[in-house]
Amino acid sequence: MSYFRPSIDTLRAYEPGEQPSPDSSIIKLNTNENPYPPSAKALATLRDIEPDSLRRYPHPFAEEFRQSAAKVLGINPDWIVVGNGSDDLLAMLFRSICGAKRPVTFPVPTYSLYRTLAQMQDVPTVEVPFDDTFTLPVNGLATAAAALTIVASPNSPSGNRISTTDLYNLATRTPGVLVIDEAYVEFASGDALDLTSRCKNIIVLRTLSKSHSLAGLRLGFAVAPPSLVRGLVKVKDSYNVDAISARVGAVAIRDQNHTRETTKRICSSRERLAKALEAIRWRVWPSEANFLLVQPPSGNARAVYEGLKAHGILVRYFNEPTLTHQLRITIGTDEQNEKLLKALEHLNR
Ligand SMILES: *Cc1c(COP(=O)(O)O)cnc(C)c1O
């Protein structure tokens, strides 16, 4: 006898990457966090928060952040919903759009939380495999005719950006909503934000977790036409974004120079690390994100993962049938990436 719904009893809970204690000396290249500090202006704002401002409930729509994000993107604030990380927005999308007869579809492999959210709510799921080049399977996804289609671009763990033409074609062919999860877009050569004004069924998700070095703040947002925004807001927790996050996040997103500088630095490190791995005969998939999908020459990804862990370096190994030979490595500082290469040399002896 269980107190839970059957689907919760059988649910394999989402497995976040390992999180060692912050003061440990482990080099964390497993969950795509940014190795550089957040905006100094945002941190100054954090230090100056008036204790008395916390006595009251925060604004239900995180208005200060919403206004700042709208200004930075050059759109109207009523096109934005703010969430407690983009994970919160994904949960809101499932709650408001999916149901027992309203399926979700997404290409795989991708961010595994999509599958977990579907299972939590008994939502029928059509997983459409990517091919070896991670080109969007537009046909398969459109044929699913799902209420909700989710595409991460750049995708994780593959790192490639999805063609805007493919996204547009998919949006015109699906009867439901197309969500484009742009968690890594600041590391890419372009984005799909424009599509939100061309198609009435597109929602773009953004987060401050990766490019703004604020994964601990929990702040993300959705950009969508106001009609979709109104539906999403109905299933939101009343105060889903706390006053501190809204305040600090507003300053962080306005500090575009800081974001540009750190993301640029990470992109150059990414190209250097890719070349260095290719030089030792690793397969490296082309990436427009702050991580690389790679395959060691031995194909024994698990052994390399364990060997690196013994050297105090965490990378991501996916215990999944289609990814048994691959690892996902977050781009660290150049110093961290050097240590990674040194450790790999050591493992090969
Ligand atoms: C990291 C990540 C997220 C989660 O972002 P949060 O804002 O931290 O919840 C969403 N989608 C993808 C594809 C991610 O990699």
Side-chain angles (χ1 to χ4, degrees), residues 75 79-81 83 86-131 133-156 158 160-185 188 190-207 220-236 288 322:
I75 60 177
W79 282 62
I80 294 181
V81 190
S86 45
D87 289 355
D88 183 30
L89 293 154
L90 285 163
M92 284 157 60
L93 284 159
F94 276 86
R95 282 207 292 273
S96 56
I97 294 174
C98 295
K101 297 208 165 116
R102 301 177 57 85
V104 63
T105 188
F106 44 82
V108 286
T110 191
Y111 187 35
S112 64
L113 183 71
Y114 307 154
R115 180 186 292 159
T116 309
L117 287 170
Q119 288 172 351
M120 269 182 203
Q121 305 201 46
D122 296 301
V123 175
T125 305
V126 183
E127 299 190 358
V128 184
F130 274 115
D131 66 15
T133 63
F134 294 99
T135 305
L136 192 67
V138 176
N139 248 321
L141 293 167
T143 312
L148 180 65
T149 304
I150 313 178
V151 176
S153 177
N155 185 49
S156 173
S158 53
N160 63 308
R161 184 158 79 93
I162 307 298
S163 129
T164 308
T165 313
D166 284 353
L167 290 169
Y168 177 81
N169 289 337
L170 179 56
T172 57
R173 288 179 60 189
T174 176
V177 165
L178 170 62
V179 171
I180 307 170
D181 183 348
E182 291 194 330
Y184 299 101
V185 79
D191 64 66
L193 195 68
D194 269 2
L195 293 184
T196 54
S197 53
R198 286 169 61 202
C199 307
K200 60 184 194 330
N201 60 339
I202 287 189
I203 300 181
V204 167
L205 296 184
R206 296 280 177 94
T207 174
F221 59 101
V223 179
S227 58
L228 290 177
V229 164
R230 282 192 294 272
L232 269 178
V233 160
K234 288 185 189 170
V235 301
K236 186 173 86 54
E288 295 201 32
T322 58

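Here the structure is a predicted model, which means the values were calculated and not measured.
Between Thr149 atom OG1 and Leu170 atom CG the span is 5.5 Å, to the nearest 0.5 Å. Rounding to the nearest 0.5 Å places CZ of Arg102 at 12.5 Å from CD of Gln121. Annotation: the span from Leu167 atom CG to Asp194 atom CG amounts to 12.5 Å, rounded to 0.5 Å. Atom-to-atom distance recorded for Leu117:CG and Leu93:CG is 9.5 Å, nearest 0.5 angstrom. In this structure, CZ on Arg198 lies 8.5 Å from OG1 on Thr164, to the nearest 0.5 angstrom. Atom CG of Leu136 sits about 9.0 Å away from atom CG of Asn155, to the nearest 0.5 Å.
At least one side-chain heavy atom of Asp87 sits under 4.5 Å from a side-chain heavy atom of Leu113. In this structure, the side chains of Ile80 and Ile75 come closer than 4.5 Å at one or more pairs of heavy atoms. At least one side-chain heavy atom of Ile203 sits less than 4.5 Å from a side-chain heavy atom of Val177. At a threshold of 4.5 Å between non-hydrogen side-chain atoms, the residues Asn160 and Pro154 do not count as touching. Counting heavy atoms from C-beta on, the side chains of Val151 and Pro107 come closer than 4.5 Å. When side chains are defined from C-beta on, Leu90 counts as touching Ile150, because their heavy atoms get closer than 4.5 Å. The shortest distance between side-chain heavy atoms of Ser163 and Tyr168 does not fall below 4.5 Å.
Not counting sequence neighbours, the partners of Asp122 by the salt bridge (Lys or Arg N to Asp or Glu O under 4.0 Å) test are Arg5. Taking Ser112 as the reference, nothing meets the side-chain hydrogen bond (donor to acceptor under 3.5 Å, both in side chains) condition, with sequence neighbours excluded. With sequence neighbours excluded, the residues forming a side-chain contact (heavy atoms from CB on, under 4.5 Å) with Gln119 are Leu11, Arg115, listed by chain and number. Every residue two or more places apart in sequence or in another chain was checked for a ring-ring contact (aromatic ring centres under 6.0 Å, His included) with Phe94, and none qualifies.
Side chain of Thr174 to backbone of Ala171: no donor-acceptor contact under 3.5 angstrom is found. A distance-only check finds a donor-acceptor pair linking the side chain of Thr105 to the backbone of Val126 [under 3.5 Å].
Pairing each heavy atom of Val108 with each of Glu127, the nearest pair is CG1-OE1, 3.7 Å.
For the salt bridge (Lys or Arg N to Asp or Glu O under 4.0 Å) condition, the pairs that include at least one residue of residues 164-184, sequence neighbours left out, are Glu182-Arg206.
With no hydrogens or angles considered, no side-chain donor-acceptor pair links Thr172 and Asn169 at under 3.5 Å.
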Using side-chain contact (heavy atoms from CB on, under 4.5 Å), reason through Val204 and Leu195 one step at a time and then give a plain yes or no.
CA-CA 9 Å; Val204 167; Leu195 293 184; over 6 Å; no
Distance-only criterion, 3.5 Å: show the donor-acceptor pairs between side-chain atoms of residues 220-236 and protein atoms not counting sequence neighbours.
from   : atom 1 : to     : atom 2 : distance (Å)
Lys236 : NZ     : Pro60  : O      : 2.6
Lys236 : NZ     : Ser238 : O      : 3.1
Lys236 : NZ     : Asn240 : OD1    : 3.2

